[in-house]
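Just so it is clear, the model here is predicted, and its values are computed rather than measured.
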Amino acid sequence: MRKFVLAGIDGSAESTAAAQWAADEAVRRGHALRLVHAWTWEDDVHADPGQPAQVRALTERMLADAARQVRSAHPGLEVHTGLLPGHEPTASLLAAAAESELLAVGSLGLGGFEGLLVGSVGLNAAARCDVPVVLVRAAAQTQQADARDAAEVVVGIDTRAPADEVIDFAFREAAARGTVLRAVHGWTPPAVWGYAGWVAPRIETEQFRTIEDELLSQALSVRRDKYPDVAVVEDSRIAGGAGAVVDASGNAALVVVGRHRRRHHLGLRLGPVAHAVIHHAQAPVAVIPHD
């Protein structure tokens with residue numbers, strides 16, 4: 001079966017950036033690219049709702065334009081396009097993503113609020129998709145290619161419960177790009193110190209730092225052996241998990257975080273770290289589902 005990288009297109013600058021990011025990723029992986037549009041009620045405001053053929057023609061033209069742009073940047077890339085059936089965009093995207101290796105979407109949906117970097121479709125896809133979802137901001141498209149190639153891949157790691165799928169994905173991405181992998185672990189001293197109103201002695205802080213550094217090294221050890229050519233920076237710092245990853249994202253080509261798979265269907269099912277990083281990171285964010 002031909003492997004695909006999937007990108008959701010809605011005509012926005014953000015989805016154009018997602019298509020370009022997905023095209024780059026497809027080339028790195030040696031996969032084909034599939035550009036899709038999930039039908040929404042917004043489609044009807046651009047055409048006469050009494051003429052369905054006109055609506056379809058406009059959306060097909062939008063997909064054709066997106067495909068033309070990525071083919072221009074990657075002449076040898078195999079590109080497919082398609083309209084997704086159904087009236088619920090997220091469900092349509094999830095069904096298409098199930099047959100793909102990865103889904104890329106724009107990080108700002110149509111009509112988003114100022115300061116909120118993720119639209120409802122992208123956020124729901126990241127929370128529910130069974131394959132990795134990458135959310136791409138329009139600003140990412142303005143970066144120079146050489147700057148992206150020189151940047152790091154940043155991965156957030158919970159040293160108490162490191163997720164193999166998340167770490168493996170981050171190492172593969174760093175290896176494919178030939179870039180440094182920055183493994184970020186944010187930790188805080190025991191809360192009792194803060195509530196007591198006094199500062200912990202420096203020697204005790206350093207003891208905790210040594211423990212946290214060792215846990216981070218242990219979480220990375222197996223993958224470092226598997227990917228010996230990937231240079232790794234172990235970045236263990238006193239900070240909240242989300243804050244540490246967001247702070248490290250300024251020089252990132254990609255930020256990688258995990259989310260737990262859940263069996264129920266209530267809520268967005270995104271953890272607090274993934275949710276915060278998605279909204280505030282300064283680079284594309286890959287959300288990796290794991291058990």
Side-chain angles (χ1 to χ4, degrees), residues 126-127 132-134 151-262 269-291:
V133 175
V134 179
E152 303 171 329
V153 172
V154 172
V155 58
I157 295 180
D158 178 358
T159 60
R160 266 58 180 185
D164 292 344
E165 297 96 324
V166 177
I167 300 173
D168 283 340
F169 183 93
F171 266 94
R172 285 197 303 271
E173 289 296 315
R177 290 171 167 79
T179 61
V180 169
L181 174 63
R182 180 175 295 274
V184 179
H185 167 51
W187 61 278
T188 55
V192 66
W193 294 353
Y195 289 124
W198 51 275
V199 178
R202 180 178 179 81
I203 187 171
E204 292 188 25
T205 301
E206 292 306 313
Q207 288 173 346
F208 278 106
R209 189 187 305 277
T210 299
I211 293 171
E212 298 297 335
D213 290 351
E214 178 61 26
L215 289 172
L216 180 57
S217 293
Q218 291 176 6
L220 297 168
S221 60
V222 173
R223 281 82 190 178
R224 295 187 82 154
D225 293 339
K226 184 178 179 181
Y227 297 92
D229 295 332
V230 175
V232 180
V233 175
E234 297 181 10
D235 189 343
S236 176
R237 59 177 79 181
I238 298 178
V245 175
V246 170
D247 287 345
S249 69
N251 190 44
L254 180 68
V255 176
V256 182
V257 294
R259 69 153 180 90
H260 285 283
R261 288 189 178 93
R262 290 180 170 83
R269 298 177 287 175
L270 277 173
V273 172
H275 193 275
V277 171
I278 286 171
H279 284 83
H280 300 294
Q282 301 175 56
V285 178
V287 181
I288 314 303
H290 63 88
D291 295 321

* Where is the tightest heavy-atom contact between V245 and G156, given as atom of each residue plus distance? -> CG2-CA, 3.7 Å
* Structure fact -> For A174 and L181, the nearest pair of non-hydrogen atoms, with its separation, is CB-CB, 3.9 Å
* Is it true that a side-chain atom of S249 and a backbone atom of Q282 form a donor plus acceptor pair closer than 3.5 Å? -> yes
* To do: Please determine if E165 and R259 form a salt bridge, counting it only when a charged side-chain N lies under 4.0 Å from a carboxylate O.
  => no
* To do: Could I get the full list of ring pair (Phe, Tyr, Trp, His ring centres under 6.0 Å) partners for Y227, not counting sequence neighbours?
  => F171
Return a table of donor-acceptor pairs under 3.5 angstrom between the side chains of residues 230-242 and protein atoms on other chains or two or more places apart.
unit_1, atom_1, unit_2, atom_2, d
E234, OE1, S217, OG, 2.6
E234, OE2, S217, OG, 3.4
E234, OE2, R224, NH1, 2.5
D235, OD1, R237, NE, 3.1
D235, OD1, R237, NH2, 3.4
D235, OD2, R182, NH1, 3.0
D235, OD2, R237, NH2, 2.5
S236, OG, W187, NE1, 3.2
S236, OG, D213, OD1, 3.2

* Asked: Quick one: do R209 and E206 make a salt bridge, cutoff under 4.0 Å?
  -> yes
* Structure fact -> All heavy atoms of A151 vs all of A252, minimum pair found to be CB-C, 3.8 Å
* To do: Looking only at non-hydrogen atoms, find the nearest pair between V257 and V166 and report the distance.
  => C-CG1, 4.2 Å
* Structure fact -> With sequence neighbours left out, the residues meeting side chain to side chain contact (heavy atoms under 4.5 Å, CB included) with V222 are none
* How many angstroms lie between atom CG of D164 and atom NE2 of H290, to the nearest 0.5 angstrom? -> 10.0 Å
* To do: Measure the spacing between CG of D291 and CZ of R261 and express it to the nearest 0.5 Å.
  => 5.0 Å
* Asked: When rounded to the nearest 0.5 angstrom, what distance separates NE2 in H260 from CG in L270?
  -> 11.5 Å
* How many angstroms lie between NE2 in H280 and NE2 in H275, if you round to the nearest 0.5 Å? -> 8.5 Å
* Structure fact -> CG (L215) and CG (L220) are apart, to the nearest 0.5 Å, by 11.0 Å
* Structure fact -> CD1 (I167) and CD1 (I157) are apart, to the nearest 0.5 Å, by 4.5 Å
* Derivation of the side chain to side chain contact (heavy atoms under 4.5 Å, CB included) call for H185 and R160 -> CA-CA 10 Å; H185 167 51; R160 266 58 180 185; 4.3 Å; yes
* Quick one: closest heavy-atom pair of A286 and V134, and the distance? => CB-CG2, 3.8 Å
* Asked: What closest approach, in Å, do A170 and V155 show between heavy atoms, and which atom pair accounts for it?
  -> CB-CB, 3.6 Å
